[in-house]
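Here's the structure, in structure tokens; my notes come after.
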Amino acid sequence: MKLTLLKITALFIFSLSTYAQTYNTYYQSVVDNVSASNILADLTTFENFGVKEVGTTALTNAQNWITSRYTALGYTDITLQPFTYSSGTSNNIIVTKTGTVYPDTFIIIDGHYDTINGPGTNDNGSGTTLILEVARLLKDIDTEYSIKFIHFSGEEEGLIGSQYYVNNTVNPENLDIRLVFNLDQVGGVNGETNDTITCEEDRSNPPANNSASSAMTTILANCVELYSNLNTVISYAYASDYIPFENNGEIITGLYETNETTHAHTTTDVLANMDPTFLTQVTKGSLGALLEYAVSTNPLSITENKLELFKIYPNPSNNGIVNINFLTETTTNNSLIIYDVLGKEVYKKSNLQHLQALNLKKLRKGIYIAVVKTDKESTTKKLILN
Ligand SMILES: [Zn+2]
């Protein structure tokens, strides 16, 4: 949607007030699960599809692979958006994760999956793989804002897929976009010291959205430095899928490798010529930034209520059996949810009795968070299974 000046100003002030991101141990615990071996495996799969130009079977195969990955993760809101360009038809892949507080406001993380002349393992297997890994780790984590993971096609033909999405989805649906975060060619160069990533801000026309982009890009740089071992430089955004959004007045940011490959758009844009270790670090920084942008909720940070609703005992439990005992009048309209330390729901029970025994033997040993809710109140307690 076109932003009003008021909205831009409000966002800018908000961004300034959160300028120095504080290190978040919960975000770090999520980022720690970024898997170098997953990334390597996905880059290899992407490369093996071959040259993925619009109209090729290779591109369709890559599309089917990406889609099946989201299905396997358990995402259900997966849309293929077909468009025809020149002699070929291909699809943008749009996957939506709904936010808990602002379901109708979107953080878009995007990258193109079409390639030209070669297999495009860096340009843009790197961004494609990064988004898949981030989507894997965010699947069971609550975020206040909705997230759209978008894999565009037709980028190499001239940003065709992203322009089509802006024209045919963003504008007709008046989509409320908080930020577009673009990943393109973030794989680094084999044999070079890849210790820095370029964070890209909007310095072009229209100017109304530039300061907000700058603030968001500063957040990106801060998060990359907090959650990866990379240094950052800030430069200007150009020639990738965020541009149709930027022309539309949206707020954009992006990442692009600082050591720039000479293999892009050639047959030698292959895994052997890039640096998957660098991509793993870029993925960690991107995930930290996305958690910050989409505002994730740390279940461990919930303060225990003063007014106790229930007792849970024995705690720690040595045999996986615990009892919940309500201290107030029992209502049948109640529920218990147990979360692990990553915020993933691992157990749920409704309509608890006044004294209710629970068999949690299927859960691993460790620390959990138990949240009991009734119509009126909720209480959160730490639960330890030994
Ligand atoms: Zn690219």
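Here, residue 1 is the first one in the sequence, and each next residue gets the next number. In listed order, ligands and their atoms are each counted from 1. What's counted below: heavy atoms across the whole structure, side chains too, no hydrogens, waters or symmetry copies.
- When the N, O or S atoms of D123 are ranked by distance to the Zn ion (ligand 1), OD1 comes first.
- Here E155 fails the criterion, with no N, O or S atom under 2.8 Å of the Zn ion (ligand 1).
- Distances from the Zn ion (ligand 1) show that E156 has no N/O/S atom below 2.8 Å.
- Closest N/O/S atom of D184 to the Zn ion (ligand 1): OD1.
- Remark: of the listed residues T96, D77, D110, T96 is the sole one forming a side chain to side chain donor-acceptor pair (under 3.5 Å) with K148.
- The aromatic rings of Y27 and Y227 lie tilted to each other, with the angle between the two planes from 30° to 60°.
- R69 and D42 are joined by a salt bridge, as a carboxylate oxygen and a charged side-chain nitrogen come within less than 4.0 angstrom of each other.
- In this structure a side-chain-to-backbone donor-acceptor pair under 3.5 Å is missing from Q185 to S126.
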